[in-house]
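Letters A, B, ... are given to chains in the order of the sequence lines, protein chains preceding strands, and every chain is numbered from 1.
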There are 2 protein chains.
Amino acid sequence: MGKRILKHAILGLLSKKDMSGYDITGEFKEEIGQFWSAKHSQIYIELKKLLSENLISQYIEMSGEKLERKMHRLTSEGKKELEQWLVVPDETIETEKDVFILKLYFIKHIPKDKVEALFRNQFNIRSAKLAYLREQYQQIFGEQHPLEIDADQLGHYFVLTKAISREESYVKWLEQSLEIIKKREY
Amino acid sequence: MGKRILKHAILGLLSKKDMSGYDITGEFKEEIGQFWSAKHSQIYIELKKLLSENLISQYIEMSGEKLERKMHRLTSEGKKELEQWLVVPDETIETEKDVFILKLYFIKHIPKDKVEALFRNQFNIRSAKLAYLREQYQQIFGEQHPLEIDADQLGHYFVLTKAISREESYVKWLEQSLEIIKKREY
DNA sequence: CACGTCATGTAAGTTGTTACATGATTTG
DNA sequence: CAAATCATGTAACAACTTACATGACGTG
């Protein structure tokens, strides 16, 4: 048996408001997508499973004349399942896979100028991500003190600050490491 | 077509020295396992594929009287394939999945005392990991200056420092966030 | 009216996990 | 001699990706 994380991620998203498969797909392109995501093809299949497990119910909302939005709502069973899952501490943490670092492990086989190009590429991607996350933070929380943040927004606050912290640390490490590369003869 | 990352990870590991499937499994339990890993069941299958693609060759080494170690060695084709893969910059970065943060996003549905327990659990796991990584660093590099590290060890150096940096940042964020949780009434 | 987005789904293939299966070697 | 580790493999299942497939709606 797998850990059924997508199942619970969807239940969690539906706990905020009713959503269509399309809406859920969109959520995974926002901040929470920094920590979990799935493609629409997987989401539609999972929604069917959740329906058959009676954890969610479905109703149709019309978007215009003919375009159907299949909306999904947590059942009380679904809410219970979510609440139970949330409080279980995870004993193991999965490998946070990172192909760039994997490649660096084999740096011996990369020509020096190519190493610098790889670093610059990562630096650009990570910096852009960091800038985007900081902008999001500004827009949502501005200069608000964490103790004054609305309870409804607290989850969002933690996800954003964690993502920002992760990228800040990544960029810093990239800068330091590139300095070392540049100074070394190898 | 997938990105065949395990394929290239194995080619990379074999570029250092000949290894058995068991050895490779072991490597993924060491530092590089912080950034990529696979189970033995997947590794044996991948080795077969690499053999059929002529990227590696196989020979038998005896370990005792009857116990066979099937050793694998990069072919020149395999080395070429590795070197080509290493220099291609990755334009997209995959989601670094983290179930703890996913759960936190739904903090609204977690009782306050359980939140603290979840945080403490993560703190313990991450701190232990950090301590282990720092110990590894000390053992391998001691007080050595990064500019004096042997070229053969440079990949190892970057992987270790990145892992340490990641966990330091994680632990720091956990501490700050737990403080906020404790101070808030919610 | 073309293009981008909204909206849902299936099919085929790849990757990854857990469990099943077996036997040898080493160490206390 | 028991338990841990060494060593290799297969089977079944679960998770994930890419491509295929279709059609509606809104805006310039």
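If A:Q42 and B:R69 are placed on DNA chain D by their nearest nucleotide, the residue sitting closer to the 5' end is B:R69.
Following rounding to the nearest Å, B:I45 (CD1) and C:dT17 (P) show an atom-to-atom distance of 12 Å. B:M62 places its CE atom 16 Å from the C1' atom of C:dT26, with the value rounded to the nearest Å. The CG atom of B:D23 sits 10 Å away from the C1' atom of D:dA7 (whole-angstrom rounding). In this structure, A:E94 atom CD and D:dA14 atom P are separated by 18 Å, rounded to whole Å. Atom CE in B:M19 sits about 13 Å away from atom P in D:dT8, given to the nearest Å. For the pair B:K70 NZ and D:dA7 P, the interatomic distance rounds to 14 Å; values are reported in whole Å. Atoms CZ (A:R4) and P (C:dT18) sit 15 Å apart, rounded to a whole Å. At whole-Å resolution of the value, CD1 in A:I43 and P in C:dT10 are 14 Å apart.
Annotation for A:E65: atom CD does not count as buried by contact number, only 12 or fewer foreign heavy atoms lying within 6.0 Å. No more than 12 heavy-atom neighbours from other residues, nucleotides or ligands sit within 6.0 angstrom of NZ on B:K79.
Residue A:S41 has its side chain nearest to C:dA11 when only C:dT18, D:dA7, C:dA11 are considered. Across D:dT17, C:dT25, C:dG9, the shortest atom-to-atom separation from the side chain of B:E65 is found for C:dT25. Across C:dG16, C:dT18, C:dA24, the shortest atom-to-atom separation from the side chain of B:K39 is found for C:dT18. Set against C:dA7, D:dC16, D:dC6, the side chain of A:L67 has C:dA7 as its closest nucleotide. Listed nucleotides: C:dT15, C:dT8, C:dG16. Nearest to the side chain of B:K49: C:dT15.
The cationic atom of A:K103 (NZ for Lys, CZ for Arg) does not lie both less than 6.0 Å from the six-membered ring centre of B:F35 and within 45° of the ring axis.
Close to D:dT8, at under 4.0 Å from its OP1 or OP2, lies no side-chain N or O of B:Y22. Within the 4.0 Å cut-off from OP1 or OP2 of D:dG9, not a single side-chain nitrogen or oxygen of B:Y44 is found. Remark: A:K48 is in phosphate contact with C:dT10, judged by side-chain N or O atoms under 4.0 Å from OP1 or OP2. Distances shorter than 4.0 Å separate none of the side-chain N or O atoms of A:S63 from OP1 or OP2 on D:dC25. Side-chain nitrogen and oxygen atoms of A:K97 include at least one within less than 4.0 Å of the OP1 or OP2 phosphate oxygen of C:dG16.
Checked for salt-bridge contact, A:E96 and B:R126 meet the test: a charged N lies under 4.0 Å from a carboxylate O.
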May I have the list of side-chain donor-acceptor pairs in residues 128-136 of chain A shorter than 3.5 Å, sequence neighbours left out?
from	atom 1	to	atom 2	distance (Å)
A:K129	NZ	A:Q34	OE1	3.2
A:R134	NH2	A:E168	OE2	2.8

